[in-house]
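Naming: A, B, ... by sequence-line order, numbering from 1 per chain. In this text, all values refer to a predicted model and were calculated from it rather than measured experimentally.
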Protein chains: 2
Amino acid sequence: MQISSRFTIAVHMIICIEAFKDTHKVTSEFIASSVNVNPVVIRRLLQQLKKAGIVEVKRGSGGADIARPLDEITLLDVYNAVESVDNGVLFHFHENPNQLCPVGRNIHAIMDSRLQEIQTAMEAKMRAMTLSEIMEDANRLLEL
Amino acid sequence: MQISSRFTIAVHMIICIEAFKDTHKVTSEFIASSVNVNPVVIRRLLQQLKKAGIVEVKRGSGGADIARPLDEITLLDVYNAVESVDNGVLFHFHENPNQLCPVGRNIHAIMDSRLQEIQTAMEAKMRAMTLSEIMEDANRLLEL
DNA sequence: ATCGTTGTAATCTTCTTTGATACATCCATA
DNA sequence: TATGGATGTATCAAAGAAGATTACAACGAT
């Protein structure tokens, strides 16, 4: 199973908003064309990023902007904003292990802390990557 | 999106096989009862673990065994054995970014190495956890 | 008042996971 | 060597998630 494309789309969106902020009105339609998905998908993600305080979206006149400094937005912020399923628990545990079996009764006690540790390692890596670094790389590649 | 329960089920299975090896014939039916899923789900996973050289399964007479020392089986081995989707790539990337847009054209160059780095951090953590450590914890909890 | 845009609901398709049934194949052993 | 308990695997169904698409009310600058 994979982490859904919402995450990579969201990062793509933020890069677009920042890269084109001076030259275009960055609407859901505009972003959708760069990402190559339906504009409604973009608007839904914009709402999630807005709730997380990452972007601002203007009704009426239209267009999206970054809501706070890029070095205060980490990949983990973006991930949590758009990928929030089941309270952010990465591993899906089988639902009803048999409590009458010693293993079934203790499987959570055995595994939960380890699964959490793995998830934490991944999140720490994401927290260490800011959109500001990513934008520096992007600007080097985008000769606009 | 979450990592499927196949992973936690597979670990549960291995613990069962090891914990009951001296007292029971550990059949798919037996394991299914502990995990509380359909026996066919267990058999399918047993096949995947077998292909990975983690367990041995006896036809005819029935029963499963661990195929190699527990300290040579890591959580990453188990994860890769049962969770192998899309060549083990964790993040699903949106399929067709617009090549006519500078951002769409470069999004992979910008993100691929970072996504890989995150995945690698997670895998490193899983590689550091062996079934032998897990079994030690399990044995402490299972007064059989 | 108009027009372009956002916010959001509703529906549809596709894909993946898991559950379940069925049955051919296998193998120890009686 | 026939049998009975298991495995190996095909097939289908059910449920859930993701994403595509259409539709339209609400908004706000002009």
Q: May I ask you to verify whether the side chain of R59(A) and the base of dA26(D) hold a donor-acceptor pair under 3.5 Å?
A: yes

Q: Under 4.0 Å: is that the gap between some side-chain N or O of T27(B) and OP1 or OP2 of dA6(D)?
A: no

Q: Please report, rounded to the nearest Å, how far the P atom of dG19(D) is from the CD1 atom of I42(A).
A: 11 Å

Q: Out of dA20(D), dA26(D), dG8(D), which has the shortest distance to the side chain of R43(B)?
A: dG8(D)

Q: Return the orientation label for the F91(A) and F7(B) ring planes: parallel under 30°, perpendicular over 60°, tilted otherwise.
A: tilted

Q: Is there a side-chain contact between Q47(A) and the phosphate of dT6(C), meaning an N or O under 4.0 Å from OP1 or OP2?
A: no

Q: With sequence neighbours left out, write down each residue that passes salt bridge (charged side-chain N to carboxylate O under 4.0 Å, His left out) with E117(A), or none if nothing qualifies.
A: K125(B)

Q: With a 4.0 Å cut-off on heavy atoms, is G60(B) in touch with a base, just the backbone sugar-phosphate, or nothing at all?
A: base

Q: With heavy atoms under 4.0 Å as the rule, sort V40(A) into base, sugar-phosphate or nothing.
A: base

Q: Does dT18(C) have its OP1 or OP2 closer than 4.0 Å to a side-chain nitrogen or oxygen of R6(B)?
A: yes

Q: Send over the distance from Q2(B) CD to dT18(C) P, rounded to a whole Å.
A: 10 Å

Q: Just jot down the ring pair (Phe, Tyr, Trp, His ring centres under 6.0 Å) partners of H92(A), sequence neighbours excluded, or say none.
A: none

Q: Take the protein atom NZ of K51(A) and the nucleotide atom C1' of dT6(C), then report the distance between them rounded to whole Å.
A: 13 Å

Q: Does dT18(C) have its OP1 or OP2 closer than 4.0 Å to a side-chain nitrogen or oxygen of N38(B)?
A: no

Q: Let me know the distance between CD of E83(A) and C1' of dA18(D), rounded to the nearest Å.
A: 10 Å

Q: Quantified as the angle between the terminal helix axes (five pairs each), what is the overall bend of the helix from dA1(C)-dT30(D) to dA30(C)-dT1(D) to 10 degrees?
A: 10°

Q: Round to the nearest Å and state the distance from F93(B) atom CZ to dA18(D) atom P.
A: 18 Å

Q: Whole Å only: how far is the CD atom of E29(B) from the P atom of dG5(D)?
A: 12 Å

Q: Let's see if you can work this out: which of dG7(C), dT18(C), dG19(D) has an atom nearest to the side-chain heavy atoms of V57(A)?
A: dG7(C)

Q: Under the salt bridge (charged side-chain N to carboxylate O under 4.0 Å, His left out) test, which residues partner R43(B), sequence neighbours left out?
A: none

Q: Output all residues satisfying ring pair (Phe, Tyr, Trp, His ring centres under 6.0 Å) with F30(B), sequence neighbours left out; order by chain, then residue number.
A: F20(B), H24(B)

Q: On DNA chain C, nearest-nucleotide positions of S28(A) versus K58(B): which is more 5'?
A: S28(A)

Q: Given dG4(C), is OP1 or OP2 found less than 4.0 Å from the side-chain N or O atoms of K25(A)?
A: no

Q: Got more than 12 heavy atoms from elsewhere within 6.0 Å of CD, Q116(A)?
A: yes

Q: Respond yes when some side-chain nitrogen or oxygen of K50(A) is under 4.0 Å from OP1 or OP2 of dG7(C), and no when none is.
A: yes

Q: From CZ of R44(B) over to P of dG8(D), roughly how many Å is that when rounded to an integer?
A: 13 Å

Q: Closer than 4.0 Å, any side-chain N/O of S61(A) to the OP1 or OP2 of dG28(D)?
A: no

Q: Rounded to whole Å, how long is the line connecting atom CD of E56(A) with atom C1' of dG7(C)?
A: 17 Å

Q: Indicate if M13(B) and L70(B) have the same hydrophobic cluster label, given that clusters are the connected sets of ILVMFWY residues with side-chain heavy-atom separations under 4.5 angstrom.
A: yes

Q: Quick one: which residue pairs count as a salt bridge (Lys or Arg N to Asp or Glu O under 4.0 Å) with a foot in residues 129-142 of chain B, not counting sequence neighbours?
A: R114(A)-D137(B), D137(B)-R140(B)

